[in-house]
Amino acid sequence: KDGKEIDRLNLQHGILKAFLGGNVFAPVRHPQSVLDVACGTGVWAREQARYWKQAQIEGFDIDPDPLEQARARISPRKLTTNFRFRAANALESFPYHTDSFSYVHARAIAAFVTLASWPRVIAEMVRVTTPGGWVEVVEPSFPKSQGHNFQHLAQIVLQFVQARLGFTAIDTRLGPWLTETGLTPVVVRQELLAVPREEKALYHAINKDLLGVFTGMQPLLQKAGLLREDQWATLFPAVADELDQ
């Protein structure tokens with residue numbers, strides 16, 4: 001959760017926005033109340049607060065530090081009065097009344113939600129959503145590459161994720177979990193993020209994001225006994241070279 005990770009999370013937000021063509025995919029037009037679950041650096045919520053000036057945007061996260069670090073690094077003119085933050089744990093009951101928000105959003109929260117916890121988190125998202133409102137969950141899948149070294153490091157990461165969270169992919173589960181809460185209609189949209197070589201800025205941004213993920217996880221992988229420091233010293237430069245090629 002240092003400055004480099006704050007920058008990486010904001011970069012990841014920009015990549016997804018560029019690929020997907022926006023921040024919101026539910027047909028939300030003029031919401032009055034919006035909740036961003038586990039809002040992290042707050043970049044999504046701040047952007048939507050500037051776009052939906054009529055709405056009160058709420059964001060909560062277990063740790064306020066990433067948001068405060070991000071806030072200190074941006075221009076004061078980009079701060080808005082209609083975004084409010086609260087410190088709270090998404091794995092517990094949300095600190096809001098039932099039927100509080102017309103649109104509830106969560107993006108890239110799978111890094112800390114165990115397989116067993118997902119139905120409860122989604123049920124809480126639905127509980128705080130008003131009748132006729134919208135719930136949206138956006139989760140990137142783990143990237144794939146033909147590079148031999150990338151595949152090797154990815155398998156180590158996925159082994160760690162499986163042991164920690166109980167799954168390595170949830171893309172096929174989100175639809176049924178949402179349906180089980182009684183929501184209707186439930187729409188599942190899958191997008192392939194394939195990078196054309198001519199899109200050089202986006203191409204390098206994705207490489208930077210991936211390398212940042214691996215770098216951030218290296219101490220965890222080492223502590224778990226899945227990757228020695230000497231192995232990392234050889235494998236990481238090889239992965240970086242493969243991605244560059």
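Since this is a predicted model, take the numbers as computed values, not measurements.
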Closest heavy-atom contact between [X] and [Y]?
{"X": "F94", "Y": "V121", "result": "CZ-O, 4.0 Å"}
{"X": "I170", "Y": "A110", "result": "CD1-CB, 4.3 Å"}
{"X": "A106", "Y": "M125", "result": "CB-CE, 3.8 Å"}
{"X": "F101", "Y": "S33", "result": "CA-OG, 3.3 Å"}
{"X": "V113", "Y": "I109", "result": "CG2-O, 3.3 Å"}
{"X": "E136", "Y": "A26", "result": "OE1-N, 2.8 Å"}

Less than 4.5 Å apart, side chain to side chain, heavy atoms only: is that true for [X] and [Y]?
{"X": "V43", "Y": "L9", "value": "no"}
{"X": "D99", "Y": "P131", "value": "yes"}
{"X": "V188", "Y": "L174", "value": "no"}
{"X": "V34", "Y": "Q56", "value": "no"}
{"X": "D61", "Y": "L67", "value": "no"}
{"X": "N23", "Y": "H13", "value": "yes"}
{"X": "I57", "Y": "R84", "value": "no"}
{"X": "T41", "Y": "Q69", "value": "no"}

Check for me, please, whether [X] and [Y] land in the same ILVMFWY cluster - side-chain distances under 4.5 Å, paths through other members count.
{"X": "V28", "Y": "V37", "value": "no"}
{"X": "V135", "Y": "W118", "value": "yes"}
{"X": "I62", "Y": "L220", "value": "no"}
{"X": "V161", "Y": "F214", "value": "yes"}
{"X": "V186", "Y": "W134", "value": "no"}

Could you tell me if [Y] and [X] have a donor-acceptor pair between their side chains, going purely by distance under 3.5 Å?
{"X": "T98", "Y": "R127", "result": "yes"}
{"X": "Q151", "Y": "Q155", "result": "no"}
{"X": "N149", "Y": "E242", "result": "yes"}

Inset, instruction - Given side chain to side chain contact (heavy atoms under 4.5 Å, CB included), test R50 with F83 step by step and report yes or no. - result: CA-CA 9 Å; R50 290 195 297 272; F83 168 48; over 6 Å; no
Inset, instruction - Using the side-chain contact (heavy atoms from CB on, under 4.5 Å) rule, pick out the option among L202, I206, L16 that qualifies with L193. - result: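 When L202, I206, L16 are each tested with L193, the side-chain contact (heavy atoms from CB on, under 4.5 Å) holds only for L16.
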Legend entry - Result of checking L226, T168, L227 against F160 for side-chain contact (heavy atoms from CB on, under 4.5 Å):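 It is L226, the one option of L226, T168, L227 that forms the side-chain contact (heavy atoms from CB on, under 4.5 Å) with F160.
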Inset, instruction - Could you go through the side chain to side chain contact (heavy atoms under 4.5 Å, CB included) check for L192 and F19 one step at a time? - result: CA-CA 9 Å; L192 177 64; F19 259 117; over 6 Å; no
For [X], I'd like to know if atom [atom1] has over 12 heavy atoms of other residues, nucleotides or ligands within 6.0 Å.
{"X": "E198", "atom1": "CD", "result": "yes"}
{"X": "Q54", "atom1": "CD", "result": "yes"}
{"X": "R164", "atom1": "CZ", "result": "no"}

Say whether, by atom type as modelled, one donor and one acceptor occur between the side chain of [X] and the main chain of [Y] under 3.5 angstrom.
{"X": "Q231", "Y": "R228", "answer": "yes"}
{"X": "R86", "Y": "E58", "answer": "no"}
{"X": "N207", "Y": "L243", "answer": "yes"}

Report the distance from atom [atom1] of [X] to atom [atom2] of [Y], rounding to the nearest 0.5 Å.
{"X": "K53", "Y": "T80", "atom1": "NZ", "atom2": "OG1", "answer": "9.0 Å"}
{"X": "R173", "Y": "E180", "atom1": "CZ", "atom2": "CD", "answer": "11.5 Å"}
{"X": "I6", "Y": "L11", "atom1": "CD1", "atom2": "CG", "answer": "13.0 Å"}
{"X": "L211", "Y": "F236", "atom1": "CG", "atom2": "CZ", "answer": "4.5 Å"}
{"X": "F85", "Y": "R46", "atom1": "CZ", "atom2": "CZ", "answer": "11.0 Å"}
{"X": "D7", "Y": "K208", "atom1": "CG", "atom2": "NZ", "answer": "7.0 Å"}

Inset, instruction - Apply the test side chain to side chain contact (heavy atoms under 4.5 Å, CB included) to residues H204 and D244: give CA-CA distance (whole Å), side-chain angles for both, the deciding distance (0.1 Å), then the verdict. - result: CA-CA 8 Å; H204 289 301; D244 191 50; 4.2 Å; yes
Parallel, tilted or perpendicular, as decided by the 30° and 60° cut-offs, for the rings of [Y] and [X]:
{"X": "F142", "Y": "F150", "value": "tilted"}
{"X": "W52", "Y": "W44", "value": "perpendicular"}
{"X": "H105", "Y": "Y103", "value": "tilted"}

Inset, instruction - Evaluate the criterion side chain to side chain contact (heavy atoms under 4.5 Å, CB included) for residue pair V157 and M217; output intermediate values, then yes/no. - result: CA-CA 8 Å; V157 170; M217 291 196 70; 3.7 Å; yes
Inset, instruction - Apply salt bridge (Lys or Arg N to Asp or Glu O under 4.0 Å) to the pair E47 and K17, showing each step before the final yes or no. - result: CA-CA 11 Å; E47 285 191 7; K17 184 178 180 181; 3.0 Å; yes
